[in-house]
There are 2 protein chains.
Amino acid sequence: MGITDRKQRQKEEVRASILDTAWQMVVTEGWHSFSIRKVADAIEYSVPVIYSHFENKDAILLEFNRKGFQLLAETLAQAKAGQPEPANQIRAMGRAYWSFAFQNKEYYQLMFGLGIPTCETAIKIPALTNFSDVITGSIIAMVPTGQKPNFDPWLKYQSFWSMLHGLVSINMTSLSRPERSDENDHREALPEQVLEDVMCSFIRGIQAAEQPAEQPKTS
Amino acid sequence: MGITDRKQRQKEEVRASILDTAWQMVVTEGWHSFSIRKVADAIEYSVPVIYSHFENKDAILLEFNRKGFQLLAETLAQAKAGQPEPANQIRAMGRAYWSFAFQNKEYYQLMFGLGIPTCETAIKIPALTNFSDVITGSIIAMVPTGQKPNFDPWLKYQSFWSMLHGLVSINMTSLSRPERSDENDHREALPEQVLEDVMCSFIRGIQAAEQPAEQPKTS
DNA sequence: TACATTTTGCAACAGTGTTAGGCAAAGTTA
DNA sequence: TAACTTTGCCTAACACTGTTGCAAAATGTA
């Protein structure tokens with residue numbers, strides 16, 4: 001029965017070309033301009049063919065989402081493998097995470113839902129200045145004036161905000177529960193605990209550090 | 001000239017009702033189902049009337065975005081005002097930020113672009129398990145076994161991820177540069193510096209802490 | 001060749017954002 | 001009051017979007 005084999009192969013070719021085309025669109029024109037109709041046009045098939053491969057438009061996005069997380073996981077694993085010491089592993093993974101995000105911007109944006117229209121347009125909001133002033137105020141107040149010359153409150157402000165936003169956003173998209181079905185290894189740290197932990201580290205960091213810790217060589 | 005006054009008033013009433021209706025839609029049905037046409041229908045005007053008040057659909061969203069940031073800034077300022085000590089101010093602001101996000105979910109989602117379709121559907125991605133395993137692995141390896149009984153690697157993992165994601169996402173949406181036009185107060189901490197700083201705090205936190213720091217009473 | 005099955009595409013439905021053009025009411029002037 | 005101008009508003013269209021029913025065409029089987 002080589003015929004059904006060939007059919008299978010052809011079907012998968014079409015599927016792949018759908019994904020390829022879709023991805024190319026996303027990369028070159030952004031998420032907003034990616035439509036099933038355009039893909040259909042590009043692969044020179046009619047629209048319903050796409051629906052015979054994917055249930056939804058979302059299903060296609062989900063595919064990319066999956067691939068994105070896999071890529072990220074691999075990248076981190078690699079970065080980790082290059083370092084024997086745990087602390088350096090963490091540093092390496094952090095850096096790898098960062099470069100992954102910006103080298104695969106489209107993936108990252110899809111994975112975490114960044115890119116709603118407003119975010120691209122609405123940057124110069126005056127209240128943002130208030131926001132940053134309120135926070136940096138306290139940060140500056142924490143270190144006695146004159147001491148710690150290398151202290152950069154603006155940097156700390158960004159750290160603080162990043163931590164907060166990351167925490168919120170990961171919890172809000174309920175990305176935080178990988179649903180291990182192992183026997184109840186209760187890996188459900190309450191978000192509030194994480195928040196306290198994170199703030200604790202942050203404050204300690206300010207109180208303790210005057211110069212950045214020794215930076216080990218990269219990889 | 002009371003007539004033009006009245007006209008002005010009426011125009012602003014319509015404007016307000018547009019915003020009200022739009023917001024109600026967003027809250028009750030989510031961002032996805034908010035359309036100009038529906039708003040027009042609800043306020044019993046035709047579509048072009050809305051376009052006479054707002055240039056775009058985005059312009060309406062921008063309005064909410066602005067309001068959201070203002071609200072957040074006020075919330076933080078209030079939380080801060082309740083605390084005399086800087087370290088506690090920071091803690092209070094962190095908690096306030098957290099509750100703002102979840103008590104005003106719609107605002108927060110809009111402000112940071114959370115809520116692209118995929119994020120709501122695509123949670124159970126197997127690669128996510130890899131991802132978390134890779135990271136927790138290093139975290140566990142950092143603390144000598146047996147020591148530090150209160151140590152929760154899962155919690156630390158979430159902290160770590162939150163920091164990273166927050167950092168990336170804030171930088172990616174270019175929300176990080178409020179564009180102060182003051183003379184060059186060079187508040188442009190390089191994101192990479194922030195990254196290093198954040199990781200540094202994190203690692204220190206693991207190496208140092210066995211029990212959470214004393215938690216001062218809330219507000 | 002005749003039948004059955006899959007594959008495919010046309011065309012429609014129900015939406016969306018956005019805008020051009022005309023109609024009618026309101027205000028202004030003679 | 002009559003004529004004119006301005007304003008506000010709506011109808012209707014354009015150009016899209018995701019999604020699907022149904023009929024036609026291509027393919028495989030007997």
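For clarity, every value in this text was computed on a predicted model and none was experimentally measured. Below, chain A is the first sequence line, B the second, and so on; all start at residue 1.
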Using side-chain heavy atoms (C-beta onward) and a distance below 4.5 Å, is A:K80 in contact with A:L76? no
Looking at the side chain of [X], which of [options] is the nearest nucleotide?
{"X": "A:Y45", "options": "D:dT20, C:dT8, C:dG17", "result": "C:dT8"}
{"X": "A:I36", "options": "D:dT11, D:dG18, C:dT18", "result": "D:dG18"}
{"X": "B:S46", "options": "C:dT8, D:dC9, C:dA20", "result": "D:dC9"}
{"X": "A:P48", "options": "D:dC10, C:dC10, C:dT18", "result": "C:dC10"}

Nearest-Å distance, [atom1] ([X]) to [atom2] ([N])?
{"X": "B:R37", "N": "C:dT18", "atom1": "CZ", "atom2": "P", "value": "11 Å"}
{"X": "B:R15", "N": "D:dG8", "atom1": "CZ", "atom2": "P", "value": "16 Å"}
{"X": "A:I18", "N": "C:dT7", "atom1": "CD1", "atom2": "P", "value": "14 Å"}
{"X": "B:K57", "N": "C:dG17", "atom1": "NZ", "atom2": "P", "value": "4 Å"}
{"X": "B:D41", "N": "D:dC10", "atom1": "CG", "atom2": "C1'", "value": "13 Å"}
{"X": "A:H32", "N": "D:dC16", "atom1": "NE2", "atom2": "C1'", "value": "13 Å"}
{"X": "A:I50", "N": "D:dT17", "atom1": "CD1", "atom2": "C1'", "value": "13 Å"}
{"X": "A:Y51", "N": "C:dC10", "atom1": "OH", "atom2": "P", "value": "16 Å"}

Reckon B:S35 has a side-chain N or O less than 4.0 Å from the OP1 or OP2 of C:dT16?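 Yes.
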B:N56 side chain N/O closer than 4.0 Å to the phosphate oxygens (OP1, OP2) of C:dT18? yes
Pairing of A:E196 and B:R95 as salt bridge, 4.0 angstrom limit: yes
Centroid separation A:W23 to A:Y107 less than 6.0 Å: yes
What is the nucleic acid contact for A:F34, judged by heavy atoms within less than 4.0 Å: base, sugar-phosphate only, or nothing?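 If one applies the 4.0 Å heavy-atom cut-off, A:F34 turns out to touch the sugar-phosphate alone, with no base involved.
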Classify the nucleic acid contact of A:K38 as base, sugar-phosphate or nothing, counting any heavy atom under 4.0 Å across all strands shown.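 Counting heavy atoms under 4.0 Å across all strands, the contact made by A:K38 is with sugar-phosphate only.
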N/O donor-acceptor pair under 3.5 Å between B:N56 side chain and B:A59 backbone: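 It does not hold such a pair.
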Matching residue for A:H165 among B:F100, B:Y108, B:W98, B:Y97 - test: ring pair (Phe, Tyr, Trp, His ring centres under 6.0 Å):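 Passing option: B:Y108.
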